[in-house]
Amino acid sequence: MPLALLALAVGAFGIGTTEFAMMGLLPDVADDLRISIPAAGHLVSAYALGVVVGAPLLAAATARMPRRTVLIALMGLFVAGNALSALAPDENWLLAARFLSGLPHGAFFGVGAVVATGLVAPERKARSVSLMFLGLTVANIAGVPAATLVGQHLGWRATFLGVSAIGLAAIASLYLLIPRTPGHAPGGGLRGELAALRPLPVWLALGTTVAGFAALFSAYSYITPMLTDAAGFAEGSVTLLLALFGVGATAGNLLGGRLADHAMRRTLFGGLASLVAVLAAFPLLMRSEWSAALAVVLLGTAAFVTGSPLQLMVMEKAAAAPSLASSANQAAFNLANAGGAWIGGLALAAGFGVTAPATAGAGLAVLGIGVAGAAYAVDLRRAKRPAGPARVIATHVPDRQEALSR
């Protein structure tokens, strides 16, 4: 695998760290800015909103630019957003800075996925995407716990300065390791990019991402009360258990990339079916500490097996605008984050028990299988559609008199 993938993974590590570290720093931020915990929770939403808005817009706006330049510029915007977060004097400033930090997130992964697949042979495309996403999953193992510890001992502002430093390291890596080739297709500008997103198969692929990862976040958003109230873990153990989720996500990401290179569709269906099984078993697995720890690992593994095949599927369905489609998939991922947490919260508020969000997640994963099945059916129908009549191009055949005159 090309060393350039390391540069993409470094950027992904920084993005993953800043995205999830805020959840562990909410009490510290709330105390320092003298706001409530629910108000501080809006900082998480501001970042997610930045991702959803920035992913398609930045990808479309930069579609005609060299991808190496785009990646460096996006990471520069990421550094600026985190540095401004560290300097925030009040809640409104921090909200704006977090929104700014989220803007390059989806476009970086979207453009990065296109660059990664262009660096390797066709039979290794999924694996190259999984190696880029490796930075994101490793962030859950090392980056987020480290950022939380730094924030607790040196202050939350130090965490964002540290993330800015990671962003600068990513810029240097991108500059040194990513090839200087233009790396983009000639094309029809913003209107052409947006037109590539119109076909039904593209939206079915994006819908599969929303449903599948909403299943994950329906459960994961409420994993702490499940572990403490149902499994009996002390609150101090939750950080270690969340690192186990990162271990499972890393394993699932690498496994999904390897399997998808051989059978992308079967890997996707297998991952979604595994996610249904794991989430449906959560009420049983949360009855003891050892099985609950196993459940956390399995949840990360099953969910992230689907990451690479979903990314590739969206890119293939919108081949005329792969950067925009890939970035739109990241926006879909964050919509899944927000929607899954909302649905899981409804199940919890309905009084069905502390593991109810996982059961709701199992239903969402079944929905994901249904959407993926509909996408497969559309592909089969289009493949069986008879080709149109061959075009006959008339050619001028000189008559005998014309031939003789020559």
Side-chain angles (χ1 to χ4, degrees), residues 16-17 20-21 23-24 26-27 130 133-134 136-149 152 212-259 267 270-307 337 340-341 343-345 347-348 350-366 368-369:
T17 300
F20 295 107
M23 300 173 188
L26 283 183
S130 71
F133 282 129
L134 187 63
L136 181 65
T137 56
V138 170
N140 283 282
I141 302 174
V144 174
T148 303
L149 287 175
Q152 291 172 346
F213 277 96
L216 165 65
F217 286 110
S218 177
Y220 187 68
S221 300
Y222 304 95
I223 194 69
T224 296
M226 289 189 214
L227 292 172
T228 56
D229 297 348
F233 280 103
E235 289 188 4
S237 304
V238 172
T239 300
L240 176 60
L241 291 165
L242 295 183
L244 288 179
F245 173 84
V247 171
T250 300
N253 175 53
L254 293 174
L255 178 64
R258 183 171 291 273
L259 293 177
T267 301
L272 289 172
S274 300
L275 189 58
V276 172
V278 171
L279 289 171
F282 249 59
L284 294 175
L285 295 173
M286 286 293 158
R287 292 182 179 180
S288 66
E289 291 187 353
W290 72 267
S291 59
L294 176 63
V296 172
V297 176
L298 292 177
L299 178 63
T301 304
F304 278 86
V305 161
T306 66
N337 189 341
I343 292 173
L348 194 61
F352 295 124
V354 72
T355 59
T359 305
L364 288 169
V366 171
I369 292 175

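As the structure is a prediction and not an experimental result, all values here were calculated from the model.
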Asks: Return the OG to CD1 distance between Ser218 and Ile223, rounded to the nearest 0.5 Å.
Replies: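 Here the interatomic distance stands at 11.0 Å.
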
Asks: So, does Tyr222 use its side chain to make a donor-acceptor pair with the main chain of Val354 at under 3.5 Å?
Replies: no

Asks: Excluding sequence neighbours, so at least two apart, what forms side chain to side chain contact (heavy atoms under 4.5 Å, CB included) with Ala292?
Replies: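 Partners of Ala292 by the side chain to side chain contact (heavy atoms under 4.5 Å, CB included) criterion, ordered by chain and then number, come out as Leu227, Ala231, Phe233, Met286.
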
Asks: With rounding to the nearest 0.5 Å, note down the distance linking CG in Leu364 to CG in Leu272.
Replies: 11.5 Å

Asks: What residue among Ile141, Val297, Leu294 forms side-chain contact (heavy atoms from CB on, under 4.5 Å) with Leu244?
Replies: Val297

Asks: Considering non-hydrogen atoms only, spot the tightest contact between Met226 and Ala358 and give its length.
Replies: CE-N, 3.9 Å

Asks: Drop me the distance from Leu136's CG to Thr17's OG1, to the nearest 0.5 angstrom.
Replies: 9.0 Å

Asks: Under 4.5 Å between any side-chain heavy atoms of Thr306 and Leu275, yes or no?
Replies: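 Of all side-chain heavy-atom pairs linking Leu275 with Thr306, none is under 4.5 Å.
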
Asks: Please find the pair of heavy atoms, one from Gly353 and one from Leu348, that lie closest to each other, and give the distance.
Replies: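 Taking Gly353 first and Leu348 second, the nearest heavy atoms are O-CD1, 3.5 Å.
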
Asks: Using every non-hydrogen atom in the two residues, find where Ala356 and Ala347 come nearest and quote the distance to one decimal.
Replies: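 So the two residues come closest at CB-O, 3.7 Å.
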
Asks: Looking at every heavy atom in both Ala360 and Ile343, which two are closest together, and how far apart are they?
Replies: CB-CG2, 4.2 Å

Asks: Please list, one pair per line, the donor and acceptor atoms closer than 3.5 Å that link side chains of residues 246-259 to other protein atoms, with sequence neighbours excluded.
Replies:
residue	atom	partner	partner atom	Å
Thr250	OG1	Thr137	OG1	3.1
Thr250	OG1	Gly246	O	2.8
Asn253	ND2	Ser130	O	2.6

Asks: Would you find a donor on one side and an acceptor on the other, under 3.5 Å apart, between the side chain of Tyr220 and the backbone of Val296?
Replies: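 Not confirmed, Tyr220 side chain does not pair with Val296 backbone.
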
Asks: Does Phe133 have any ring-ring contact (aromatic ring centres under 6.0 Å, His included) partners at least two apart in sequence or in another chain, and if so, which?
Replies: Phe109

Asks: Any side-chain heavy atom of Phe282 within less than 4.5 Å of one from Thr359?
Replies: no

Asks: For the atom pair CG (Leu242) and CG (Asn140), what is the distance rounded to the nearest 0.5 Å?
Replies: 8.5 Å

Asks: At their closest point, which heavy atom of Gly16 faces which heavy atom of Val144, and how far apart are they?
Replies: O-CG2, 4.1 Å

Asks: Shortest non-hydrogen contact from Ala295 to Leu285?
Replies: CB-CD1, 3.6 Å

Asks: Return the CG to CZ distance between Leu298 and Phe245, rounded to the nearest 0.5 Å.
Replies: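 So the gap between those two atoms works out to 11.5 Å.
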
Asks: To the nearest 0.5 Å, what is the distance between OG1 on Thr355 and CZ on Arg287?
Replies: 9.0 Å

